[in-house]
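Presented below is the structure to which this report refers.
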Amino acid sequence: MKNSVKSVIIVGVGGQGTLLASRVLGSAMLSQGVDVKVSEVHGMSQRGGSVVTYVRYGVTPEDKVYSPVIEPGEADVVLSFEALEAARFLPYLKEGGAVVVNTQQMDPMPVVTGVAKYPENILGKIAEKGVRMIRLDALKLAEQAGSVKAVNVVLIGAMARRLQLPREVWEETVRKTVPPKFIDLNLRAFALGYEAFTEE
Amino acid sequence: MKELLLGNEAVARGLYEAGVKVVSSYPGTPSTEITEAAAKYEEIYCEWAPNEKVAMEVAAGASMGGARSFCGMKHVGLNVAADPLFTMSYIGVNGGLVIGVADDPGLHSSQNEQDSRNYAIGAKVPMLEPSDSAECRDYAVMAYDLAEKFDTPVILRLTTRVAHSRSIVEERPREERELLPYEKNPAKNVMLPAFAKPKHVKVEERLVALRNWSETSGINKIEDNGSKIGVIAAGAVYEYAKEVLGDTVSYLKLGMVHPLPDALIRELAEKTEEIYVIEELDPVIENHCKAMGISVHGKDVFPLCDEFSQSVIARCMGKELPASLSVEEQIPVRPPVMCCGCPHRGVFYVLKKNKVYVSGDIGCYTLGASAPLGAMDTCICMGASVSALHGYNKARGAEAEKKSVAVIGDSTFIHSGITGLIDIAYNRSNSVVVILDNSITGMTGHQQNPTTGYTIKGDPTAAVDLEALCKAVGIGRVRVCDPYDLKAFDAALKEELQADGPSVIISRRPCALLKYVKHKPSLKVDPQKCIGCKACLGIGCPAISVRDGKAVIDHTQCVGCGVCTGLCPKGAISSGEGEE
Ligand SMILES: Cc1ncc(C[n+]2csc(CCOP(=O)(O)OP(=O)(O)O)c2C)c(N)n1
Ligand code: SF4
Ligand code: SF4
């Protein structure tokens, strides 16, 4: 029997809260009784560098996940917290995979200091490649939910819509993962992301 | 219960289940979370030691005292702790002693890519290497049985991908253990030459016995898939190999990477026609096979440098790689930067302006080496900033002393900077040392340290008085400066560079990410006043950028530290409420 494994790569800028997204996805899959591996980034790049987290899980309980990392051409979903990072990690997308992306732009230091340029209309360039794309302004939605810090949960909502689990499973996992006093805020953020789903 | 644990958390779980009583570690990516997770178990005494040598000695003492003990560190930490390791190998253990070491192939967060397996060989102690979180827990427990059975410290080696990946662990209960009795036994515990000589013989005999164990215990396993090709691998690399090659080859999966199981290696060689040793970093297993007279592929096929992955293995073994897309645009790199409001930023701005030689060290402040600050000349290892500055000044003389400083974080200063400062005081160089006291060990994710006044569990405790300490070792000129006040810092630096005798400037301001630090509202750039000169960009704050010829401050990032205001020749940066 063929071993069937799904791969989601979560990318962004250190400090944006990508680890929460991978934890929610990992726990949601664990609750479904399938094999899961999550590879996280700690250390240096968490200080505003380009960060990447990998989540891989079995489609059925019989499937086994070996490698915890995702390589170019292997990701079913690229979830990007920032536009430029979506372009950087586009090569990781599998043929037929989807990019879920926050339209927010954050200048990396070489752009700030003027030695490099932030490419224009970078999301348009990705779309031109014919990939399936879901864009959302997660910062705006997070502000709407009540805090700019909830950007990560808005994006979890948008990603959740792409993956096959029922909405209740996600909401339950968010509830379990975030600090108790922020549950309502985060559930609002999740709902805004979940409902913002528009595929191009 | 099934939990999705980090490899590091799973090691901590193993410590808990094995009945470990004492843990002493020094933080270092990718090993830090072992000790952080262990500290959550009430049954385990946990501490952050000032450095790895102290940590290992604390664990050694606890073992002698009859408790199962542990110390954790990153690969370069083992260089610092190598001294006790090599002799604890002779002494052996009372309660089990396990040393957790996390290597960092690919240098995700390190200054070199050394392979700790060489230490197991050098110190003649067994080394286990798990490949996922379940094995992290299992091997941690097994390491204690091994330590006590063979009277030896055991090293548990992780790599970044195992330490920082989550996979499923079925948790088991703790087995509480009585302290073993302590009996005075100088022949075992006092390593005088006369006692150490017979111990060396025992260590060699122990290695033979350990090798036998590695053949028969089941920790090293042959997976015979009837193939003509055999693969030998351990750790994360075994998982990558399974991903690429599945059941099309036979395997010798190693859980114990020192000493190696000769008989199992021979058995695989008999069963197959061709063997590939797939190992990151040094050709340790490969050389061992070759020394046994078994011809294998190794570094002729796979790289010596950098981390492996499924695609590295696929490429090296001639397998097809999946197709992938990319955009044509140049994508600018996104290197790490100091946070908005970081207290280190102002110091480096001032150092750059004064064009001094900066003897650097390791911590968040190493980011002061990157553009646009670019104010660091060297960085070797923890503590070296201070001693290497002394050497630089001894070589270049009085003129150099007026144009050079060392920068070192609070945790790093305690770790091994203080000994260098004693050298400066004792052997008289007119050196200026800047201690960047941000009241935390920042780089590794905010651990308490002996200067902060709190223990790993958050309990209040004695704090090192840095001013008194520096004075006590013989530094006459010690002063404290606020790094947010660029003018005052600049004046202090100039004065100390000119002064006679060595001096210490303590740059004091807590890390901007600490919970108790209150931030001010975001600053604004007045577009009427801004002339687009970009002077403010020189501070390298990620909140400031230029859009349509004018500087703008991102209100979601700025914490109102005010360091950038002094850079603007037109006074265009302010709180917008007239308070600055
Ligand atoms: C021997 C050794 N142990 C541990 C580390 C990991 N490490 C790098 S920097 C650092 C401490 C940083 O703390 P501090 O000096 O207070 O500076 P900060 O990051 O807070 O600015 C540690 C533990 C290392 N590089 N070398
Ligand atoms: S974590 Fe603290 S010390 Fe490190 S860069 Fe950020 S503000 Fe500076
Ligand atoms: S923009 Fe200025 S005030 Fe705001 S964080 Fe950066 S340096 Fe500090």
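Keep in mind that what you see is a predicted model, and the values were worked out from it rather than measured. Order of the sequence lines fixes the chain letters, A, B, ..., with proteins taken first and strands second; residue numbering starts at 1 for each chain.
Only the side chain of B/Thr556 comes within contact range of chain A, with heavy atoms under 4.5 Å apart. The parts of A/Val112 that come within reach of chain B are both its backbone and its side chain, each placing non-hydrogen atoms under 4.5 angstrom from that chain. Looking at B/Leu6, only its side chain comes within 4.5 Å of chain A, counting heavy atoms on both sides. For B/Thr29, the part lying near chain A is the side chain, with the backbone staying farther off; criterion is any non-hydrogen pair under 4.5 Å. Using a 4.5 Å cut-off between heavy atoms, A/Val36 contacts chain B through both its backbone and its side chain. Of the atoms belonging to B/Pro372, heavy atoms from both backbone and side chain fall under 4.5 Å from chain A. Proximity to chain B (any heavy atom under 4.5 Å) is restricted, for A/Glu143, to the side chain, taken from C-beta onward. With a 4.5 Å cut-off on non-hydrogen atoms, A/Lys149 does not touch chain B at all. Neither the backbone nor the side chain of B/Cys342 comes within less than 4.5 Å of any heavy atom in chain A. Using a 4.5 Å cut-off between heavy atoms, A/Val151 does not touch chain B at all. Looking at B/Glu33, the atoms closer than 4.5 Å to chain A (heavy atoms on both sides) all sit in the side chain, from C-beta outward.
At a threshold of 4.5 Å between non-hydrogen side-chain atoms, the residues A/Ser50 and B/Pro336 do not count as touching. Here the side chains of B/Leu321 and A/Pro72 are not in contact, with every heavy-atom distance at 4.5 Å or above. B/His164 is not listed as a side-chain neighbour of A/Ser39, based on a closest heavy-atom distance of 4.5 Å or more. Using a 4.5 Å cut-off on side-chain heavy atoms (C-beta onward), B/Gln557 and A/Met106 make contact. Annotation: side chain of A/His42 is not in contact with side chain of B/Pro30 (no heavy-atom distance under 4.5 Å). In this structure, the side chains of A/Arg47 and B/Met338 stay at 4.5 Å or more apart for every pair of heavy atoms. Side-chain contact between B/Arg161 and A/Tyr54: present, with at least one pair of heavy atoms (C-beta onward) separated by less than 4.5 Å. For the pair A/Leu84 and B/Pro332, the minimum side-chain heavy-atom distance is below 4.5 Å.
With hydrogens and angles ignored, the 3.5 Å screen pairs a side-chain donor or acceptor of B/Gln310 with a backbone N or O of A/Val69. Judged by distance alone, with hydrogens and angles left aside, the side-chain atoms of B/Arg166 form no donor-acceptor pair with the main-chain N or O of A/Ser27 at under 3.5 Å.
Using modelled atom types and a 3.5 Å distance limit, the side chains of B/Glu239 and A/Ser67 yield no donor-acceptor pair.
A/Leu30 CG to B/Ser167 OG: the interatomic distance, rounded to the nearest 0.5 Å, is 10.5 Å. Taking OG of B/Ser131 as the start and OH of A/Tyr66 as the end, the distance is 10.5 Å to the nearest 0.5 Å. To the nearest 0.5 Å, atoms OG (B/Ser545) and CD (A/Gln105) are separated by 10.5 Å. Once rounded to the nearest 0.5 Å, the distance linking CZ of A/Arg88 with OG of B/Ser326 reads 13.0 Å. Taken to the nearest 0.5 Å, the OH atom of A/Tyr118 stands 8.5 Å off from the CZ atom of B/Arg547. If you take CG on B/Asp554 and CD on A/Gln104, they are separated by 7.5 Å, rounding to the nearest 0.5 Å.
None of B/Ile168, B/Asp132, B/Leu4 except one satisfies the side-chain contact (heavy atoms from CB on, under 4.5 Å) rule with A/Lys37; the exception is B/Asp132.
Atom NZ of A/Lys125 has more than 12 neighbouring heavy atoms from other residues, nucleotides or ligands inside a 6.0 Å radius. Heavy atoms of other residues, nucleotides or ligands lying less than 6.0 angstrom from NZ of A/Lys129 number more than 12. Within 6.0 Å of NZ in B/Lys319 there are 12 or fewer heavy atoms belonging to other residues, nucleotides or ligands. The environment of NZ in B/Lys550 is crowded: more than 12 heavy-atom neighbours from other residues, nucleotides or ligands sit within 6.0 Å. Atom NZ of A/Lys94 has more than 12 neighbouring heavy atoms from other residues, nucleotides or ligands inside a 6.0 Å radius.
Options A/Lys64, A/Glu85, A/Glu95 differ in how many heavy-atom pairs under 4.5 Å they form with chain B, and the most are formed by A/Glu85. Between chain A and the residues B/Thr444, B/Leu513, B/Leu537, B/Val337, the largest count of heavy-atom pairs under 4.5 Å involves B/Val337. Contacts with chain A were tallied for B/Glu328, B/Glu3, B/His108; B/Glu328 has the most, counting heavy-atom pairs under 4.5 Å. Interface remark: of the candidates A/Glu120, A/Lys117, A/Met29, A/Glu74, A/Glu74 forms the most heavy-atom pairs closer than 4.5 Å to chain B. Annotation: maximal heavy-atom pairing with chain A below 4.5 Å, among B/Gly540, B/Ala241, B/Cys339, occurs at B/Gly540.
B/Glu243 has a carboxylate O that lies under 4.0 Å from a charged side-chain N of A/Arg56, or vice versa, which qualifies the two as a salt bridge. Using a 4.0 Å cut-off between a side-chain N of Lys or Arg and a carboxylate O of Asp or Glu, A/Asp107 and B/Arg334 do not qualify as a salt bridge.
Nearest heavy-atom pair, B/Ser165 versus A/Pro68, reported as atom, atom and distance to 0.1 Å: OG-CB, 3.4 Å. Among all heavy-atom pairs drawn from A/Met109 and B/Ala371, the shortest one is CG-O, 3.6 Å. Closest non-hydrogen pair, A/Pro91 versus B/Ser324, comes out as O-CB, 3.0 Å.
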